Protein chains: 2
Amino acid sequence: MATSGTPRRRSREDVAEMALHLLDEYGLPDLTMRNLATALGVQPSALYWHFPNKQALLAAVSTRILAPLAELPVEDLSVHEAVRVLGARLRDCLLTYRDASELVSSSLSLGLVGSPVRPQLLEVARRRGVPDALSEVAAEVLVHFTVGYVFHEQQRRTADSLGLLEAADALDPDEATAAPADEDSFAKALTMIADGLDVSVTRAAGPLG
Amino acid sequence: MATSGTPRRRSREDVAEMALHLLDEYGLPDLTMRNLATALGVQPSALYWHFPNKQALLAAVSTRILAPLAELPVEDLSVHEAVRVLGARLRDCLLTYRDASELVSSSLSLGLVGSPVRPQLLEVARRRGVPDALSEVAAEVLVHFTVGYVFHEQQRRTADSLGLLEAADALDPDEATAAPADEDSFAKALTMIADGLDVSVTRAAGPLG
DNA sequence: ACCTGAACACCGTTCAAGT
DNA sequence: ACCTGAACACCGTTCAAGT
C-alpha cells in the first residue's frame, strides 16, 4: 500500500517555485503562463487547475519573495531600530530576485498579499507603548517608500544593462542623473522615516506626561 | 496662401490627450494602442509615427497628469509646509484620473518622467539653507510614498466598485481591512515625513551653530 | 508629412474531453 | 485529481506601400 511514494500533494507549490525561478532568470515580462507551462513540461491550460488566474499565481510568488521577513526577530529592538531594520531587510528580499519589486508592488496594491512589515512593526510599537494609529501610518510610509525605491533601483539596473541610460538622462538638464540610488541615501531615508515616527510619538505622549 | 487654416502641427498632443481621456474613461487595461487608434479614427500603425512605442506614449500622458504641480507657488512656504503641500497636491493630481497612479508609477520608475516634486522642494529648501542632499532624500520618500499610497487607494477603489472586496480581506484574520486609506492618515503620513526632514536638518545644523 | 493594409509573433483564459 | 487540445478574443510592433 502507498508504494508510489508520497502522493506529491504540493504541486501547487512547485508551480510557484518554478515561476519564481523564471522571474529571476528572465524577468517579469517573460514570465508568461505559456513560458511557465513549457518550463514545467505541461500545457498552459493545466496551470488553471492550480491557480484561478495569473494574478493569483503572482501573489503566491510575492509571498515566497517576502517570506524571509516574517522570521526576522524584532522583539528586542527599539521602534527606531525596527523601522530601519525592517526597511533594510525588505529591500534585501526585493533585491534577491530580478523584477521582484514590480511584482510585489502590484500584489500589494491589489491587496492580494499583506504588508510585509506591518505585523512586526505593530508588535514592537505596542511593546513600547506607541499607539497603533501611529505605527500603522509609519508602516505604510515604510513599505510604500521601500518598494517604490527598489522598483526604481531595479528598473535602472535592467535599463542600463540594456545600454539605454542616456535616454533617461536626456529628460531635463538640471534633473539629470538625479539620485544614483545608492545604499547610503536609502539608509538615510529610513532614518528620516524613523525620526518622523519618533516626533509623532513624542507629540502624542507630551501633553499627557 | 495658407488658406487651409492652421497646419495643425500638434497632432502628437492630440494623441496624448485622447489617451488621457480613454485612461480616465475605461482604465489602464483598456488603454491599448488598438483602442486608442479606433478612438482617433485611425489605424493602430499610425500611432507609431507619433510615438516610438507605447511606453513613450504613456510617458507623455504622465507628463500631462502631473502638469498642474509645476504651477504650484511654493516660494513663501517653510520646508515643512512645502513637503505637506507638494504631497497633497501630487495626490490630487493622481486622483484626478482613473488609474493615474499606476501609470505615473511606471513612467517614474522607468525614468521616462522626472520627479514631480523634486525641483520645487529643492528650491524651497535651498532658500532656507537646507543642504541639497537632505532634500533629495526627502523628495524621494515623498514621491515614492505618495504614489504608492494612491496606487493602493485607486486599486481598492476600482476593486470594490467591481464588488470583490471580500477576497482581499480574507487574507489574514488580524490583518483584514488594514487601512481604509482615508484622507486623514495620508495627511498624518505627510506630517511624519516633514518631521523626519526637520530632524535631519536640525542634526546637520546642530554641531555647527 | 502622415497614414493604410497586412502581416508577425505573441498574449491570458475557457472548456469539453481525456486518464 | 490532474491534464490535453483546440479554440476565442485579444495584444504591441514592423514595414512596404500609398497620398
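Below, each value reflects all heavy atoms present in this structure, side chains not excepted, and no hydrogens, waters or symmetry copies. Bear in mind the structure is a predicted one, so any value in this text is a computation, not a measurement.
- Across the protein-nucleic acid pair, B:Arg34 atom CZ and C:dC8 atom C1' stand 11 Å apart, rounded to whole Å.
- Across every strand in view, C:dC15 sits in a pair with D:dG5 that passes the Watson-Crick or G-U test at under 3.5 angstrom.
- Nearest-nucleotide positions on DNA chain C place A:Asp30 closer to the 5' end than the other of A:Asp30 and A:Pro52.
- If you check D:dC3, C:dT4, D:dG12 against the side chain of B:Val42, the one that comes closest is C:dT4.
- One cannot find a donor-acceptor pair under 3.5 Å joining the base of C:dG12 and the side-chain atoms of A:Thr32.
- The CD atom of B:Gln43 sits 15 Å away from the P atom of D:dG12 (whole-angstrom rounding).
- Computed from coordinates, the A:Met33 CE to D:dC3 C1' distance equals 14 Å when rounded to whole Å.
- For the pair A:His50 NE2 and D:dA1 C1', the interatomic distance rounds to 10 Å; values are reported in whole Å.
- A cation-pi arrangement is not found for A:Arg91 relative to A:Tyr149, the charged atom failing to lie both closer than 6.0 Å to the ring centre and inside a 45° cone about the ring normal.
- Rounded to a whole Å, the OH atom of B:Tyr48 is 19 Å from the C1' atom of D:dA17.
- Contacts of A:Asn35 with the nucleic acid, taken as non-hydrogen atoms under 4.0 Å apart, involve only primed sugar atoms and P, OP1 or OP2.
- Rounded to an integer number of Å, the gap from A:Trp49 CH2 to C:dT13 P is 18 Å.
- Across the protein-nucleic acid pair, B:Lys54 atom NZ and C:dC11 atom P stand 16 Å apart, rounded to whole Å.
- D:dC3 atom P lies 9 Å from atom CG of A:Leu47, rounded to whole Å.
- Open room surrounds NE2 on A:His21; 12 or fewer heavy atoms of other groups in view lie less than 6.0 Å from it.
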